[in-house]
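The chain is numbered in sequence order, starting from 1. Quick note: numbers below take in every heavy atom, side chains included, and nothing from hydrogens, waters or symmetry partners. The model shown is predicted, which means the values in this text are computed figures rather than measured ones.
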Amino acid sequence: MTGGSLPANVKRTSALRRVPPLGEMRFRSECGSEGDVCAFELPRNASPITVESPTGRMMAIAPGDAFLATPGFRESRRWAVGGIPEGGLVPGDEYWVLSDCGVVGELISHSSLEMGHFGRVRYLGGVCARFGETLNIRQFAVTGAPETDRNTPVYLILGTSSEVGKTTAGVAILRALRQKGHTTVVALKATGTSSFMEIARYLDFGAMQAFDCIDFGLPTTYPVGRGGISEFFMNALDYCLHLSAEALVVECAGDPFVANAPEFLTCLRTRCSNPKIILAAADALGAMGAKCALAEIGLAISLITGPCTDTVAMRERTQALCGIPAINLARGPNSFALT
């Protein structure tokens with residue numbers, strides 16, 4: 001296999017949402033690196049899979065379909081773990097779709113939970129630009145932030161684990177800011193795996209702009225301990241904090257220790273000395289542990305929410321153990337007041 005052509009309407013995943021329409025395109029047989037625009041094929045004897053399209057809808061990849069996605073890394077306690085082997089993806093070899101945004105790589109482990117995107121696909125090659133270079137999502141990252149730092153207030157959403165209501169809390173904060181009269185609020189999903197569907201929720205509820213790692217040139221912020229990640233985070237923060245906005249709502253993935261969250265929190269503390277931190281916690285002990293972990297890097301939680309506030313008894317226990325106000329933000333922005 002030396003390469004081939006692809007139609008202009010070839011399916012593409014949301015990890016490539018910033019790549020403009022390319023018309024009819026060609027791919028060539030070369031190893032695939034992180035962020036490259038690459039062609040894959042779902043084998044004809046496979047079951048269909050579902051991935052996120054650039055618009056955020058879930059899109060079926062049928063057996064025999066070619067589609068565009070990107071090599072990348074994924075680390076998750078609940079889903080799949082994998083990455084790019086040394087030397088990159090090899091044309092003709094099979095790899096796994098590690099996330100529904102279209103991150104593809106060598107599988108290390110996975111949970112028993114059902115994942116619609118999880119399937120083995122064949123790597124065809126890298127998609128070439130007009131003048132022969134392989135396209136990469138870094139080429140389409142945002143650029144040109146204004147030079148003036150506006151000292152924008154930051155509202156940081158953290159969790160004690162996945163699926164504890166971080167996005168729900170972030171949207172509640174956004175709604176409260178909007179009700180308070182803020183018309184220009186920016187949202188940033190700072191760490192973890194890209195999901196256009198998640199940042200689109202912020203847009204739905206009135207965010208002026210919403211960003212995640214794709215917008216700054218990486219398919220995910222994994223693996224933990226990767227080189228250059230602090231510079232990546234500082235670039236993302238600088239861009240968002242230089243925009244003409246009245247507030248920045250930042251959501252961190254997972255917990256304070258995953259997806260290079262410690263590096264991000266350090267960068268945030270450097271750029272913003274007093275962010276308002278909202279913690280979404282599964283239980284009171286998790287909230288107490290997060291409070292201690294954040295205190296070690298000089299950050300203090302302003303508010304606790306999440307499943308640990310689902311009942312009056314749980315909320316009161318959380319508040320008593322942590323000494324921090326605890327409110328269930330799932331009830332909407334009217335359940336608390338911003339200060």
Can you confirm whether Asp212 sits close enough to Phe196 that some side-chain heavy atom of one is under 4.5 Å from a side-chain heavy atom of the other? no
So Met197 and Arg201, do their side chains get closer than 4.5 Å, heavy atoms only? no
Which is it for Arg28 and Leu124 under the side chain to side chain contact (heavy atoms under 4.5 Å, CB included) test, yes or no, and what are the steps along the way? CA-CA 8 Å; Arg28 62 186 174 198; Leu124 301 178; over 6 Å; no
Centre-to-centre under 6.0 Å for Tyr239 and Phe211, is that the case here? yes
Backbone N/O of Ala60 and side chain of Lys11: donor-acceptor pair under 3.5 Å: yes
With the side chain counted from C-beta on, respond yes when Leu156 and Ile278 share a heavy-atom pair under 4.5 Å apart, and no when they do not. no
Hey, could you give me the CG/SG distance between Leu6 and Cys128, rounded to the nearest 0.5 Å? 10.0 Å
From SG (Cys272) to OH (Tyr155), nearest 0.5 Å: 10.5 Å
Has the side chain of Ser194 got a donor or acceptor atom that lies under 3.5 Å from a matching backbone atom of Ser14? no
Identify whether the distance between the nearest side-chain nitrogen and carboxylate oxygen of Asp65 and Arg44 falls below 4.0 Å. no
Using distance alone, with no hydrogens and no angle criterion, decide if Thr220 and Arg74 have a side-chain donor and acceptor under 3.5 Å apart. no
With a 4.5 Å limit on heavy-atom distance, are the side chains of Phe264 and Val250 in contact? yes
Report the C-alpha distance between Arg138 and Asp36 in whole Å, list the side-chain angles of each, state the deciding distance to 0.1 Å, and finish with yes or no for salt bridge (Lys or Arg N to Asp or Glu O under 4.0 Å). CA-CA 8 Å; Arg138 290 190 301 272; Asp36 284 349; 5.3 Å; no
Are the side chain of Ser53 and the backbone of Met58 linked by a donor-acceptor contact shorter than 3.5 Å? no
Quick one: do Leu188 and Leu243 end up in the same hydrophobic cluster if we chain Ile, Leu, Val, Met, Phe, Trp and Tyr together by side-chain heavy atoms under 4.5 Å apart? yes
What I want to find out is whether Asp93 reaches Arg120 closely enough, with some N-O distance under 4.0 Å, to be called a salt bridge. no
Do the side chains of Phe27 and Ile137 join up, straight or via other hydrophobic residues, at under 4.5 Å, putting them in one cluster? yes
To the nearest 0.5 Å, what is the distance between CD1 (Ile157) and SG (Cys252)? 10.0 Å
Checking Asp283 against Arg317 for the salt bridge (Lys or Arg N to Asp or Glu O under 4.0 Å) test, could you report, in this order, the C-alpha distance in whole Å, the side-chain angles of both residues, the deciding distance, and whether it holds? CA-CA 9 Å; Asp283 53 50; Arg317 181 168 186 259; over 6 Å; no
Should the heavy atoms of other residues, nucleotides or ligands under 6.0 Å from CZ of Arg226 be counted, would the total exceed 12? yes
Which atom of His117 lies closest to which atom of Val51, heavy atoms considered: CB-CG1, 4.3 Å
Verify same cluster id: Val258, Leu158 (apolar side-chain graph, 4.5 Å): no
Whether the side chain of Arg269 engages the backbone of Ile297 through a donor-acceptor N/O pair (distance < 3.5 Å, no angle test) should be reported. yes
Between Pro63 and Ser47 the two heavy atoms that sit nearest each other are CG-C, 4.3 Å
Measuring only between side-chain heavy atoms, which start at C-beta, is Asp238 closer than 4.5 Å to Arg271? yes
With rounding to the nearest 0.5 angstrom, report the CD1 to OG1 distance, Ile327 to Thr318. 12.5 Å
Could you please spell out the steps behind the side-chain hydrogen bond (donor to acceptor under 3.5 Å, both in side chains) verdict for Ser230 and Glu263? CA-CA 6 Å; Ser230 293; Glu263 291 88 344; over 6 Å; no
Mind checking whether Val97 and Leu42 sit in one hydrophobic cluster, side chains of I, L, V, M, F, W, Y counted as touching below 4.5 Å? yes
May I have the step-by-step check of side chain to side chain contact (heavy atoms under 4.5 Å, CB included) for Ile229 and Phe232, ending in yes or no? CA-CA 5 Å; Ile229 194 64; Phe232 173 84; 3.9 Å; yes
Please check this pair: side chain of Ser111 against backbone of Arg78, looking for a donor-acceptor N/O pair closer than 3.5 Å. yes
If you group Ile, Leu, Val, Met, Phe, Trp and Tyr by side-chain heavy-atom gaps below 4.5 Å, do Val103 and Leu16 land in one group? no
Closest heavy-atom pair and its distance - Ala210, Tyr202: CB-CB, 4.3 Å
Under the side chain to side chain contact (heavy atoms under 4.5 Å, CB included) rule, what do Leu135 and Leu22 come out as? Steps first, then yes or no, please. CA-CA 11 Å; Leu135 294 173; Leu22 300 171; 3.6 Å; yes
When rounded to the nearest 0.5 angstrom, what is the spacing between CG in Leu89 and CD in Glu34? 11.0 Å
Is Thr305 reaching over with its side chain to a backbone N or O of Leu329, donor-acceptor style, under 3.5 angstrom? yes
May I ask you to say whether Arg122 pairs ionically with Glu41, meaning some side-chain N is under 4.0 Å from a carboxylate O? yes
Gly72 and Pro219 have their tightest heavy-atom pair at CA-CG, 4.3 Å
Compare all side-chain heavy atoms of Val142 with those of Arg18 and state whether any distance is below 4.5 angstrom. yes
Which distance, rounded to the nearest 0.5 Å, do you find between the CE of Met115 and the CH2 of Trp79? 7.5 Å
Charged N to carboxylate O under 4.0 angstrom, Arg57 versus Glu52? no
Has the side chain of Thr184 got a donor or acceptor atom that lies under 3.5 Å from a matching backbone atom of Ala245? no
Shortest non-hydrogen contact from Pro307 toward Met314: O-CE, 2.9 Å
Looking only at heavy atoms, the pair that brings Ala80 and Phe118 closest together is CB-CE1, 4.3 Å
Do Val104 and Val121 have side chains that get closer than 4.5 Å, going by heavy atoms? yes
Has Glu316 got a side-chain atom pairing as donor or acceptor with Ala313's backbone, closer than 3.5 angstrom? no
Go through it in stages, so that I can follow the logic: the residues are Thr134 and Val37, the test is side chain to side chain contact (heavy atoms under 4.5 Å, CB included), and I'd like the CA-CA distance, side-chain angles, deciding distance and then a yes or no. CA-CA 7 Å; Thr134 300; Val37 179; over 6 Å; no
Does Thr221 use its side chain to pair, donor to acceptor, with the backbone of Ala259 at less than 3.5 Å? yes
Do Pro20 and Phe140 come close enough that some side-chain heavy atom pair is under 4.5 Å? yes
Short question: side chain of Tyr222, backbone of Gly225 - any donor-acceptor pair under 3.5 Å? no
